[in-house]
Amino acid sequence: MSLTFESLMEDSEERGLPLWRVILENEIDNFGGSEESVRSAMKSRLKIMSESVKKAATQALPTVGNLISGSAKRAEEYREKGNTLSGELINKVMTAALSCSEVNAAMGRICACPTAGSCGIVPAVIITLGEERDIPEDKLVEALILLSGLGAVVVENATVAGAEGGCQAECGVAAAMAAAGAVYLAGGDDNTCLSAFTIALVNVMGLVCDPIAGLVQIPCAQRNASQAVNALISADLALGGMTIPVTPDEAVAAMYAVGKSLPRELRETALGGIAATESARHIEKSIFG
Amino acid sequence: MPISIFDVTGPVMIGPSSSHTAGAARLGRMAALIAGGSFFKVDFLLHGSFARTYRGHGTDFALVAGVLGMREDDENLPRSFEIAKDRGLEFSFGVIDIPGAGENTALIRFYMDGGKIREIVGSSLGGGRICIIRVDGIETELYCDNPTLFAVHRDRPGMLSRITSEVASSGINIAVLRCTRKEKGNLAYTIIEADDEIPSSVSGTLEKIPGIVSVILISPGGK
């Protein structure tokens, strides 16, 4: 049987198990190990994530061309002044996402989720909520198991590669995964997690992948910050009772179809979008000659 | 094929790109393993997107780190050029067009201490996964994500059964079996992917069999 959101939910209902546990048991059935070993492997990823959300918030890291060096530190200093427009939590989440993007661009250690280019979104949401709400580590690990299982459905049926599906497939899917994880941490049920997933993906439908000079910096860092916020607000919309008359399987299929219909210029080739602007070309020339 | 949750949340790696950095490091490491033994110089010839974008993604640092044996999450990866110099390893980069190869492909040429030259071509497939597609001019298909045995042997009757029976006698189940050769009666490759780690005694025994040139065991390492 193919892996879909529908099949996962059917499995969950038939066996009377929460979605995260169905995903955990599928993992053990397919790849071996035990609940303890899967939890422990996920915990080690959580640790890498907690390092990468902090590292660039206190020190600027050098990146090729230094296009985003210092962006996380500046965002952190701004938040600390306590006069942000969108509030503490949103600014914390954005700083955390920017830090991961900067660590990644500076050739530091990150955990891809689902890709390296989108590695800031899930950690920013899960770790920041964990800190803000004092959530035990075990529950954070369960959220990661859940959202990774949802990401696997996208990998199975569509793509998470910017070169294939645009930014919607990378940062968009990361936002959808993070939204589902956020709902889980807030105590929402599985259907609400899937609504949040779908809403986040709908919000980002069509976003192109257009990195300046082909570097994983601009607009990747900005998109990590904004998609982390997309995850949070999508989770709130779902927790507030918003449902959407589109199934998550349909939303993923739609995202994939949109991705395939994007011209090559808008799929990680640095030939279109903001990468093709005069300013971007100038930056490209100054770095690579 | 089912997808592991750790292929979605993972790999843990040095940035910035799973295909251009993590995959490149893995490609370098697996190529060095297959080259087998020590070498003093390596040429990296890059094809496709690797050739166009390697400088912005640290593909060059990652490839050198890989042939030095570093893993894709080793924080020393960005310092690989210095480390190579300290160890007396020479390296060079160039561009090549390999017809039909995937976007992120490299030909890695090892100058072995004994004087032999070994040429390994591999592609980065995305998400840190790789495939070795050619070894010394002979097509192959080595993904290195399962425990793998790679045997180079003479192309003559009975070789395959000797190899498989040796693996079977160690109690290992064969998941995938591939055989390739360039021309009849010359060299052939047999690749066995297994469910569990293949004990080193298997390669030791096989290497004593006349007609077997070399046997390399590849362990994908922990997730």
Side-chain angles (χ1 to χ4, degrees), chain A residues 3 23-24 26-27 29-33 38 41-42 44-46 48-49 52 63-65 100-101 103-117 119 122 144-145 147-156 160-161 163-164 177 211 213-217 220 268-270 287-288, chain B residues 1-25 48-62 65 70-81 102-104 124-129 145-146 195-197 220 222-223:
Chain A
L3 178 71
I23 291 165
L24 171 83
N26 285 350
E27 180 75 15
D29 287 348
N30 289 321
F31 300 97
V38 172
M42 201 51 98
S44 71
R45 280 157 172 75
L46 185 65
I48 303 290
M49 290 179 176
S52 56
T63 65
V64 176
C100 295
S101 288
V103 169
N104 183 52
M107 296 191 80
R109 185 158 52 195
I110 54 98
C111 177
C113 190
T115 63
C119 71
V122 165
L144 286 179
I145 291 171
L147 65 85
S148 306
L150 304 186
V153 177
V154 184
V155 174
E156 168 87 17
V160 297
E164 248 189 288
M177 290 162 60
L215 299 170
V216 192
Q217 296 189 49
C220 316
E268 211 180 331
T269 51
I287 297 174
F288 297 125
Chain B
M1 194 183 86
I3 292 148
S4 166
I5 56 174
F6 297 109
D7 289 334
V8 178
T9 295
V12 172
M13 54 169 272
I14 299 303
S17 163
S18 62
S19 54
H20 287 64
T21 323
S49 172
F50 263 10
R52 290 192 301 277
T53 66
Y54 75 96
R55 281 180 301 173
H57 293 108
T59 307
D60 43 0
F61 297 119
M70 286 184 216
R71 288 178 178 268
E72 49 273 33
D73 64 347
D74 191 324
E75 285 190 302
N76 282 321
L77 186 151
R79 292 182 46 244
S80 66
F81 282 18
E103 270 297 293
N104 299 317
S124 172
L125 305 173
R129 293 189 66 231
D145 14 85
N146 294 314
D195 294 328
D196 300 297
E197 293 293 337
K223 282 219 159 153

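Sequence lines set the chain letters: A, B, ... in the order given, protein chains first and strands last, and positions in each chain run from 1.
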Using heavy-atom distances under 4.5 Å, tell me whether [X] contacts chain B through its side chain, its backbone, both, or neither.
X: A:M42; answer: both
X: A:V155; answer: both
X: A:V103; answer: neither
X: A:A152; answer: both

Identify which part of B:T9 has an atom lying under 4.5 Å from any heavy atom of chain A, answering side chain, backbone, both or neither.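 Both parts, backbone and side chain.
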For B:L77, is it the side chain, the backbone, both or neither that has a heavy atom under 4.5 Å from a heavy atom of chain A?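 It is the side chain, since no backbone atom gets that close.
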Counting distance only, does the side-chain N/O of B:H57 pair as donor-acceptor with the main-chain N or O of A:G214 below 3.5 Å?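 It does hold such a pair.
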Only pairs of heavy atoms separated by less than 4.5 Å count here; which of [options] has the most with chain A?
options: B:S49, B:P78, B:S18; value: B:P78
options: B:T21, B:I14, B:D74; value: B:I14
options: B:G10, B:G58, B:G56; value: B:G10

Measure the spacing between SG of A:C111 and CG of B:D73 and express it to the nearest 0.5 Å.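 Going from SG on A:C111 over to CG on B:D73, the span is 10.5 Å.
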Drop me the distance from B:M13's CE to A:I48's CD1, to the nearest 0.5 angstrom.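 That separation rounds to 12.0 Å.
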Can you tell which of A:L144, A:I145, A:N30 makes a side-chain contact (heavy atoms from CB on, under 4.5 Å) with B:I5?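 Single side-chain contact (heavy atoms from CB on, under 4.5 Å) partner of B:I5 among A:L144, A:I145, A:N30: A:I145.
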Looking at [options], which makes the most heavy-atom pairs under 4.5 Å with chain B?
options: A:G65, A:S148, A:C220; result: A:S148
options: A:L24, A:I110, A:I23; result: A:I110
options: A:G108, A:G149, A:A105, A:G151; result: A:G108

For B:V8 and A:M177, run side chain to side chain contact (heavy atoms under 4.5 Å, CB included): C-alpha distance rounded to whole Å, both residues' side-chain angles, the deciding distance at 0.1 Å, then the answer. CA-CA 10 Å; B:V8 178; A:M177 290 162 60; 3.6 Å; yes
Mind listing the closest non-hydrogen atom pair of B:F6 and A:A41 along with its distance?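 That closest heavy-atom pairing would be CZ-CB, 3.6 Å.
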